[in-house]
Structures are given as structure tokens and as C-alpha cells.
Amino acid sequence: MARIAPSMHETQSRRQFVRSVIYGGLAFYGMPAYARASRPPLGHVVVVGAGFAGLAAAKYLREWSAGNIKVTVIEPNPQFISCPQSNLVLGGSRTMDELSFSYALSRKQHQLNWIQDTVTAIDAATRQVMLMRGTVAYDRLILAPGVDFDYSRIAGMPKPVDDIPHAWKAGRQTLQLRQQLESMPDGGVFVMTIPKAPYRCPPGPYERACQVAHYFKQHKPRSKVIILDANADITSKKGLFLQSFQGDYQGMIEYHNNSEILQLDTASYTIKTDFETVKASVLNVIPPQLAGKVAQSAGLANVDQHWCEVDFVTYASSLNLNVHIIGDSISAGLPKSAHMATSQAKICAAAIIDLQSGHPPNPLPVFANTCYSFVDDKQAMHVANVYRYDPAKKSMVSAEGGGVSAKASVQEGDYAQAWAQNIWADTLT
């Protein structure tokens, strides 16, 4: 089917929207009523998890309460590592050092109480968080634990295997997968499996395929990428990714839909699906996903025992109004992305400040989400959406605004780099 080219006005409007999201994203978030009123102390909020969602929530709780909410952050990892752009490490245009950041500036700038430890349990009745080395009491709790992986749904791989990295949490496994690609002989086969949605970063696997193919074109031109997707079709930016699969990477990337793992032999790197048996030189299994362990162990994963139901006005759990859940762990029917996580964090922070100060929270929150994907070292494309709360449906629904790239381009790659710098600065400073 032919695509109707957008008018000049439509193109300019989309560019203006993207620029507004990159450079002025906070325009979507109104200040809580408390920020414009008298300012007594407002209690103690504990934030579990210092990824994009948790760290943004901690920052804006302190800023918008003028320091009158005490915030304690509990995070086991010593530094922040960005999942956005981590696929570029596989393609060779980014390093892990460029995606790794200290928490020190955020801690100091916002006077956050910081505990580097692991949560072992949550006692909702007494409002306490149990750690490996102590206990912390709270007035309200924010959980931002990201995702966990469900290996029980992978036939033949019921637990992680050291030499089959998922690299779906940026860090050591990202470097491991890059090293495996470097060690693979020219003519080898990289096989990546994609779980059924929902999973973190819907376009991420397809971007990864492009990045691996980009590396192969430069260094191992006889090699191949095979995508075994358990979904019926490409889940995000389908037309844009097909342009790359069938264009620059034609003959190098093979996309197989409806290809759920029936049996995996971890010793031989062989996968059987309904249609075929595929053998890999390098195997990248992205497991099915569910809410982070902290939310699971607290009994808050009440949607199919995988995801957490929340009130989208406050992000309070449907099971406990004093526990708020943000980021990838929630059931929202929306993309699980970094931008989405920070958007939810700001809505949640504003709502908590209003609730603690006796004001009603904004009943009709609005936020945006923008997602960029690189198809090589310089060219990227985006999809952007605005979401508004629908009280009748009790959910966030797509609203007017946003758009999608016509094609990947160097200009979009520049926008993508600006977006990354902006979200890192917004979260970490």
C-alpha cells in the first residue's frame, strides 16, 4: 500500500513536537498545588530502585516539595547504567563507559538519603522496608524495580545460562554479548529470540538486530542475523524497521514471526520452533518478562501474576494506597520505555506531594513518550505519542500529537543524541 507523504505543515508540526519533547518535556507536567502554597514538612518517602523512574521520582519529590519531603533511595547498584543506546555498544558506536553515570551529583544536588543495599521484604502493615543490613520506615513507598525475567517459560532453559546472555539490562552482559560477536567467525549466525509482548522497550530487539547487522557489514560480511519473534509481527515501528531489513541489511537479517521457542538446547545453541530448527553461533535469548522481584515478593503483581495494577492519577497500587509503583513493572498497556518511566515518575511525585499536603492530585494527568531507534551508527528514527488520562476507562489513552519518522536519517540521529543527553540530565542532575 502506498504511503501518503505528509504535507510541509504536518512535517513541521511533527518536528516541533519532537523538539518540544526533547528540549521542553516538563511543559507537560503541572506543579503540584503544594509548590504554590505554604510549606510544612510532608513526611518520608522511600524510593526502591534508582533507574530512570525511581531517580526521577526522588528528584522531583525533593524539588517540588521545596525539600519538605524527606526522600530515601534504596539501590543495590553502585552506578547508573543507561539501557537506552546500549544496543549501540553492540554496533560499536558507543562504549559502556559513555552510558555509565555516578549517582553522586543527584544525591548531593537533591540531598537524598542514599542506601546501597538490597530489599529483602516489605511490611505494608507497619510501613517498613527490610534490607539485608537494616530496616527503613516510610510514610509512602515508591517501587521502581524494573523488570525481572521468567525463565520458567523457556523450554530447555529454566534458569540463566552464563554463555547465553540476554543483555536486556545494560551492563556486564552487554559487554559479554559484544565480545561474543567479536569472537564469532565470519559466516557465523547470530540468533536472537523475542518474547511475547509486553516486554521492556518494544522496538529494542529490532534495533539490536540492526546494530548487529551494522557491525557484521563492517567486520563479518558473510554473517547473518536471524530474529525468532514469538509475536505475530514486529511490535513497534514495523514499516521503519522493514525499510532497514529489506534495504541496507537485505540478505543479512532474516525476520521470522510467530516463532516461539518450543525447545532450546543450550549445549548446541539450537532452537526448535513450530516451523524450523535453527542453530546459532552466538545466541541471544531475551526471556519473557514480569514485574521486578520487589513488587513480586510484596504480592503486588496482581495482573496475571506478572504486572502491577495502579491508579494512573497517583500510581498507587490497587492493593495498597500507600505503595506507589512506577516504570516497567506496571500494567498500563503502554510501551515500557525510559521516557515513559520518567513521565510516570513526575505524575507520581506531584500526586504524592498533593496527597501529603491535603490537596487533591491532578485528576487528568497528561504526558508524552518519545522513543528513538538507531539503524546504524548515525541514522535513527522515532515514534512519539501524547497520552491523557481517561476517567471513564481509568487508563492512559493516546491523544492528539506525536508522530512517526518517514524514514531513518542522520538528522533523526542527531535528535536521538539530544534526546538521550536531555533525559540523562533530567534524571541524573
Side-chain angles (χ1 to χ4, degrees), residues 32 34 40-65 67-78 80 103 106-107 110-148 290-303 305-311 313-331 341 344-358 361:
Y34 175 83
L42 295 178
H44 181 206
V45 175
V46 172
V47 180
V48 175
F52 281 102
L55 200 56
K59 169 184 175 175
Y60 284 100
L61 279 168
R62 292 290 293 167
E63 280 196 3
W64 289 344
S65 73
N68 286 293
I69 283 186
K70 177 183 176 182
V71 177
T72 297
V73 178
I74 302 170
E75 167 58 47
N77 296 306
F80 179 100
Y103 285 118
S106 183
R107 292 170 60 178
H110 305 294
Q111 297 181 314
L112 301 171
N113 299 307
W114 200 273
I115 301 174
Q116 187 178 334
D117 204 344
T118 299
V119 174
T120 58
I122 294 168
D123 188 335
T126 61
R127 298 191 190 181
Q128 293 188 89
V129 179
M130 271 63 80
L131 311 174
M132 293 184 72
R133 297 186 298 272
T135 303
V136 181
Y138 63 85
D139 294 307
R140 289 186 182 271
L141 177 64
I142 296 177
L143 299 182
V147 296
D148 194 15
L290 66 168
K293 282 192 176 76
V294 172
Q296 292 177 54
S297 63
L300 299 173
N302 58 334
V303 178
Q305 296 185 317
H306 284 86
W307 308 104
C308 304
E309 183 181 42
V310 298
D311 170 9
V313 171
T314 64
Y315 286 86
S317 165
S318 63
L319 299 178
N320 190 316
L321 296 181
N322 290 309
V323 178
H324 304 255
I325 310 170
I326 53 177
D328 294 343
S329 282
I330 70 170
S331 174
Q344 294 168 1
K346 293 164 189 173
I347 299 296
C348 178
I352 286 176
I353 294 168
D354 282 335
L355 289 168
Q356 290 297 103
S357 58

Test ring pair (Phe, Tyr, Trp, His ring centres under 6.0 Å) applied to Tyr138 - qualifying residues, sequence neighbours left out: none
Between Val303 and Cys308, is there a side-chain heavy-atom distance shorter than 4.5 Å? no
Kindly indicate whether the side chain of Gln356, heavy atoms from C-beta on, has any atom under 4.5 Å from the side chain of Asp139. yes
Derivation of the side-chain contact (heavy atoms from CB on, under 4.5 Å) call for Thr72 and Val47: CA-CA 6 Å; Thr72 297; Val47 180; over 6 Å; no
Could you go through the side-chain hydrogen bond (donor to acceptor under 3.5 Å, both in side chains) check for His324 and Ser317 one step at a time? CA-CA 5 Å; His324 304 255; Ser317 165; over 6 Å; no
How close do Ala295 and Leu143 get, counting heavy atoms only, and between which atoms? CA-CD1, 4.3 Å
Donor-acceptor under 3.5 Å (Ser329 side chain, Gly292 main chain): yes
Can any side-chain N or O of Glu75 pair as donor or acceptor with the backbone N or O of Gly49 at less than 3.5 Å? no
Parallel, tilted or perpendicular: ring planes of Trp114 versus Tyr103, cut at 30 and 60 degrees: tilted
With sequence neighbours excluded, what pairs up with Ser297 under the side-chain contact (heavy atoms from CB on, under 4.5 Å) test? none
So, the side chain of Asn302 versus the backbone of Glu309: is there a donor-acceptor pair under 3.5 Å, distance only? yes
Side chain to side chain, His44 and Val136, heavy atoms closer than 4.5 Å: yes
Could you check whether any side-chain heavy atom of Asn113 comes within less than 4.5 Å of a side-chain heavy atom of Lys70, counting everything from C-beta outward? yes
Does any N or O in the side chain of Asp148 come within less than 3.5 Å of the main-chain N or O of Leu290, such that one atom is a donor and the other an acceptor? no
Could you go through Ile352 and Ile142, starting from their C-alpha distance and side-chain angles, then the distance that decides it, and tell me whether this counts as side-chain contact (heavy atoms from CB on, under 4.5 Å)? CA-CA 10 Å; Ile352 286 176; Ile142 296 177; 3.6 Å; yes
Donor-acceptor pair between Ser318 and Asp311 side chains, under 3.5 angstrom: no
For the pair Thr118 and Leu131, evaluate side-chain contact (heavy atoms from CB on, under 4.5 Å) and give the outcome as yes or no after the intermediate values. CA-CA 6 Å; Thr118 299; Leu131 311 174; over 6 Å; no
Any Ser106 side-chain heavy atom under 4.5 Å of Leu55 side chain: yes
Apply side-chain contact (heavy atoms from CB on, under 4.5 Å) to the pair Leu355 and Arg140, showing each step before the final yes or no. CA-CA 10 Å; Leu355 289 168; Arg140 289 186 182 271; 3.8 Å; yes
Kindly say whether Gly327 contributes a backbone atom to a donor-acceptor pair with the side chain of Gln344 at under 3.5 angstrom? yes
Polar side-chain atom of Gln296 near backbone of Ala291 as donor-acceptor pair, under 3.5 Å: yes
With Leu141 as partner, the option from Asn322, Ile325, Val294, Ile122 fulfilling side chain to side chain contact (heavy atoms under 4.5 Å, CB included) is Ile122
Could you check whether any side-chain N or O of Arg62 sits under 3.5 Å from a backbone N or O of Gly67, counting only pairs where one atom can act as donor and the other as acceptor? yes
Taking the side chain as C-beta and beyond, is there a heavy-atom pair between Trp64 and Asp354 under 4.5 Å? no
